[in-house]
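This report refers to the structure that appears directly beneath it.
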Amino acid sequence: MGKTKTESGETQILGSKFENPIGEGAQRGLAIVDLVVRVMATMATLSSAIVMGTANQTLPFSTQTSQFKANYKDLPMFMFFVLANSIVCGYLFLSLPLSIFHIMEVASVTPRLILLIFDMMAMVLATAGASTAASAVYLAYRGNVAANWVSFCTQFDSFCRRISGSLIGSFGAVFAFMLLIIISIVAMVRRSS
């Protein structure tokens with residue numbers, strides 16, 4: 001790590017700590033908001049994965065050769081959604097100690113930068129999973145006349161309500177990641193010379 005001289009003549013190691021452009025109390029407040037948003041995003045991704053992973057419905061009528069049922073495993077888009085939300089939830093849970101560390105050590109730059117990079121990657125994964133599942137949910141409700149796909153939500157209404165509900169938590173987590181990234185950037189801004 002390199003060293004630099006501050007305006008007062010002190011030597012400071014680059015990359016370790018910085019002089020806050022906003023007060024330490026405000027930095028601590030940002031760190032607390034970061035922790036709260038991170039916990040809420042963890043709960044949102046966990047509930048989305050559980051709701052989608054347990055979504056299934058069997059129709060009360062059947063033929064002699066088959067039974068009509070819908071399960072999230074029937075569509076790879078929903079399987080990707082569950083996997084993506086599970087990975088993001090695991091990351092968020094593992095990032096909680098680092099977020100707690102920021103409350104105690106508000107001026108540390110390196111841990112914030114690490115969280116910022118991983119938050120961006122997790123947001124991309126959560127967005128991909130939610131968008132993929134949203135397109136499948138749209139087709140389930142509307143169908144596609146050009147491709148001759150019929151809407152199956154008229155028969156599997158309970159299944160469709162569950163998969164639609166799971167999207168709310170996932171898109172909420174994407175919004176939470178946007179807030180986390182903004183919080184990290186604001187907390188890392190240095191005072192311009």
Side-chain angles (χ1 to χ4, degrees), residues 27 29-57 70-103 106 108-144 149 151-153 156-189:
Q27 284 282 356
L30 282 175
I32 291 170
V33 170
D34 179 275
L35 178 65
V36 170
V37 171
R38 201 167 290 278
V39 168
M40 289 172 48
T42 304
M43 291 187 299
T45 54
L46 178 64
S47 63
S48 289
I50 289 172
V51 168
M52 181 69 81
T54 58
N56 61 19
Q57 182 181 1
N71 192 337
Y72 89 99
K73 292 180 183 176
D74 295 337
L75 292 168
M77 289 83 71
F78 295 152
M79 291 175 59
F80 174 67
F81 176 83
V82 171
L83 181 66
N85 276 288
S86 300
I87 291 171
V88 170
C89 180
Y91 158 72
L92 285 166
F93 182 75
L94 293 175
S95 71
L96 289 176
L98 200 53
S99 185
I100 293 169
F101 172 76
H102 286 140
I103 295 172
V106 292
S108 295
V109 176
T110 307
R112 258 220 204 268
L113 183 61
I114 291 169
L115 270 183
L116 176 65
I117 291 168
F118 282 106
D119 283 348
M120 283 192 277
M121 289 190 296
M123 183 181 78
V124 168
L125 182 61
T127 304
S131 300
T132 303
S135 65
V137 168
Y138 178 82
L139 283 175
Y141 274 103
R142 297 286 180 113
N144 188 326
W149 293 339
S151 166
F152 70 85
C153 282
F156 296 100
D157 58 333
S158 173
F159 176 77
C160 288
R161 279 197 309 271
R162 286 182 68 87
I163 61 176
S164 298
S166 69
L167 290 176
I168 295 170
S170 191
F171 279 114
V174 171
F175 179 71
F177 273 116
M178 290 180 198
L179 288 177
L180 289 171
I181 290 168
I182 291 169
I183 289 169
S184 292
I185 290 171
V186 167
M188 289 190 321
V189 168

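Reckoned from all heavy atoms, side chains included, excluding hydrogens, waters and symmetry mates. Just so we're clear, the structure is a prediction, and the values are computed from it rather than from any experiment.
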[X], [atom1]: over 12 other non-hydrogen atoms inside 6.0 angstrom:
X	atom1	result
Y141	OH	yes
Y91	OH	yes
M77	CE	yes

Can you list, pair by pair, the side-chain donor-acceptor contacts under 3.5 Å of residues 178-187, counting residues two or more places apart and other chains?
from : atom 1 : to   : atom 2 : distance (Å)
S184 : OG     : L180 : O      : 3.1

Over all atoms of both residues, closest heavy-atom pair of S170 and A130:
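Taking every non-hydrogen atom into account, OG-CB, 3.4 Å.
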If I compare all heavy atoms of G169 with all of A44, which pair ends up nearest, and what's the gap?
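Nearest heavy atoms, G169 then A44: O-CB, 3.4 Å.
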Hey, which of F80, F78, F81 is the one that makes side chain to side chain contact (heavy atoms under 4.5 Å, CB included) with T132?
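Exactly one candidate clears the test, F80.
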Should [X] and [Y] count as side-chain neighbours, where that means a heavy-atom distance under 4.5 Å?
X	Y	value
M40	V36	yes
N85	M52	no
F118	S95	no

Going from [atom1] on [X] to [atom2] on [Y], what distance comes out if it is rounded to the nearest 0.5 angstrom?
X	Y	atom1	atom2	value
I114	L98	CD1	CG	7.0 Å
R161	I163	CZ	CD1	11.5 Å
I87	L92	CD1	CG	12.0 Å
L94	S99	CG	OG	13.0 Å

Show me the pairs that pass salt bridge (charged side-chain N to carboxylate O under 4.0 Å, His left out) and involve residues 33-49, at least two apart or across chains.
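Of all non-adjacent pairs touching residues 33-49, those that pass salt bridge (charged side-chain N to carboxylate O under 4.0 Å, His left out) are D34-R38, R38-D119.
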Under the 3.5 angstrom rule, does the side chain of T45 hit a backbone N or O of T42 as a donor-acceptor pair?
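Yes: the side chain of T45 pairs with the backbone of T42.
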Of all residues at least two apart in sequence or in a different chain, which pass the salt bridge (charged side-chain N to carboxylate O under 4.0 Å, His left out) check with R142?
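R142 satisfies salt bridge (charged side-chain N to carboxylate O under 4.0 Å, His left out) with no residue once adjacent residues are dropped.
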V51: side chain to side chain contact (heavy atoms under 4.5 Å, CB included) partners, not counting sequence neighbours:
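Partners of V51 by the side chain to side chain contact (heavy atoms under 4.5 Å, CB included) criterion, ordered by chain and then number, come out as R162, S166.
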My understanding is that only residues two or more places apart in sequence, or in another chain, count here; which of them pass side chain to side chain contact (heavy atoms under 4.5 Å, CB included) with S47?
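Once residues adjacent in sequence are excluded, S47 has no partner under the side chain to side chain contact (heavy atoms under 4.5 Å, CB included) criterion.
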Taking only residues two or more places apart in sequence, or in another chain, which ones meet T127 in a side chain to side chain donor-acceptor pair (under 3.5 Å)?
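Counting only residues at least two positions away or on another chain, T127 forms no side chain to side chain donor-acceptor pair (under 3.5 Å).
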